[in-house]
2 protein chains.
Amino acid sequence: MANRCSQELYEFKAELCKTFADAKRLQIIDILRGGERTVNELVQFLRAPQAVVSRHLAILRDRGVVKARREGVNVYYSLTDSKIGDACDIVHQILLEQIERNRKLADRLVSGL
Amino acid sequence: MANRCSQELYEFKAELCKTFADAKRLQIIDILRGGERTVNELVQFLRAPQAVVSRHLAILRDRGVVKARREGVNVYYSLTDSKIGDACDIVHQILLEQIERNRKLADRLVSGL
DNA sequence: CTGTTATATTGTAATATATTAATATATTAA
DNA sequence: TTAATATATTAATATATTACAATATAACAG
């Protein structure tokens with residue numbers, strides 16, 4: 001079942017995971033799942049400095065996670081692959097299960113033994 | 001469809017993604033998908049110094065991705081959640097599609113526009 | 001207790017990453 | 001051309017991560 005693969009392929013996968021390993025970038029991805037957005041719209045959603053958003057978009061672009069389309073003054077960003085959304089969903093689920101496990105553990109510890 | 005959530009939840013998700021953002025850790029995860037393994041077995045598979053493997057296992061442990069079980073002298077590691085394997089599969093698929101896209105682009109460039 | 005094997009932790013140097021402020025570029029309107 | 005708006009890049013700094021070597025701990029055999 002597991003995809004055992006070459007050292008080099010693992011490096012590429014790690015690169016891709018690094019791309020997801022930032023709260024702002026995850027937020028950008030979630031916003032873009034609702035459709036393409038301009039940089040300005042993203043800046044407003046994230047309430048972060050424009051340079052920061054632009055930097056994160058460059059990282060997402062370089063790693064092929066989003067694509068950019070210029071229309072006049074604006075640049076519209078969108079996801080390159082709907083599977084990226086699926087990946088985010090699974091991360092979401094794993095996190096929820098972790099929280100649930102921790103909750104149960106906490107309950108057991110508090111309720112004596 | 002997207003799971004828009006609080007800033008704090010995005011931080012946790014990013015933490016989880018960081019855990020996956022290393023080639024050696026991804027390899028450990030793939031090995032553990034085949035069942036639990038001792039540290040020594042992992043050291044042999046990875047051909048990395050024991051301290052390095054142990055460090056990565058600690059990171060995976062701290063973030064709730066793997067769990068450890070001591071049996072005598074050995075410590076057996078296993079995945080805490082089978083969904084972690086699913087997440088790796090999706091990353092695998094996204095990477096394959098990226099490679100495919102790049103291949104097509106390269107073909108187009110070489111075959112003269 | 002001593003030695004041995006398996007595993008974990010810590011300090012450190014090298015490297016990578018994010019943030020910020022400043023500056024640069026691109027597009028359009030006037 | 002100049003001004004205005006949208007976006008991108010760069011340099012400096014702060015922070016985080018990794019690998020490696022050395023050391024520590026844990027379990028057990030004798």
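Chain naming here is simple, since letters A, B, ... match the order of the sequence lines and numbering starts at 1 in each. Values in this document were obtained by computation on a predicted structure and should not be read as measured data.
- Pairing for C:dT12 is with D:dA19, a Watson-Crick or G-U wobble pair whose two hydrogen-bonding atom distances lie under 3.5 Å.
- Counting all heavy atoms, side chain and backbone alike, A:Phe12 lies closest to B:Leu95 at CB-CD2, 3.6 Å.
- The closest side-chain donor-acceptor pair between A:Asp22 and B:Tyr10, if any, does not fall under 3.5 angstrom.
- Residue B:Lys67 forms a side-chain contact (heavy atoms from CB on, under 4.5 Å) with just one option from B:Asp81, B:Thr80, B:Leu60, and that option is B:Thr80.
- Between B:Arg33 and B:Asp30 there is a salt bridge, with a side-chain nitrogen of the basic residue lying less than 4.0 Å from a carboxylate oxygen of the acidic one.
- Nucleic acid contact class of A:Tyr76 (heavy atoms, under 4.0 Å, all strands): none.
- If you check the side chains of B:Glu97 and B:Gln93, you find no donor sitting under 3.5 Å from an acceptor.
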Quick test: give all pairs of protein nitrogen or oxygen and nucleotides 12-18 of chain D nitrogen or oxygen below 3.5 Å, distance rounded to 0.1 Å.
unit_1: D:dT18; atom_1: OP1; unit_2: B:Arg25; atom_2: NH1; d: 3.3
unit_1: D:dT18; atom_1: OP1; unit_2: B:Arg25; atom_2: NH2; d: 3.0

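- If you check every strand for non-hydrogen atoms under 4.0 Å, A:Ala51 touches a base.
- Within residues 65-75 of chain A, the residues that place at least one heavy atom under 4.0 Å from DNA chain D are, in residue-number order, A:Val73, A:Asn74, A:Val75.
- Under 3.5 Å, the side chains of B:Tyr77 and B:Arg61 contain a donor-acceptor pair of N or O atoms.
- When each of A:Gln98, A:Glu100, A:His92 is paired with A:Leu96, the side-chain contact (heavy atoms from CB on, under 4.5 Å) condition holds for A:His92 and for no other.
- Under the Watson-Crick or G-U wobble criterion, with both distances below 3.5 Å, D:dT25 is paired with C:dA6.
- A:Val52 comes within 4.0 angstrom of a base, heavy atoms only.
- At whole-Å resolution of the value, CG in B:Asn40 and P in D:dA27 are 17 Å apart.
- The distance between atom CG of B:Leu42 and atom P of C:dA6, rounded to the nearest whole Å, is 14 Å.
- Look at C:dA26: its Watson-Crick or wobble partner, with both distances under 3.5 angstrom, is D:dT5.
- No more than 12 heavy atoms of other residues, nucleotides or ligands sit less than 6.0 Å from atom CZ of B:Arg55.
- A salt bridge links A:Glu71 with A:Arg69; the closest basic N to acidic carboxylate O contact falls under 4.0 Å.
- For B:Arg61 and C:dT9, the shortest distance from a side-chain N or O to OP1 or OP2 is below 4.0 Å.
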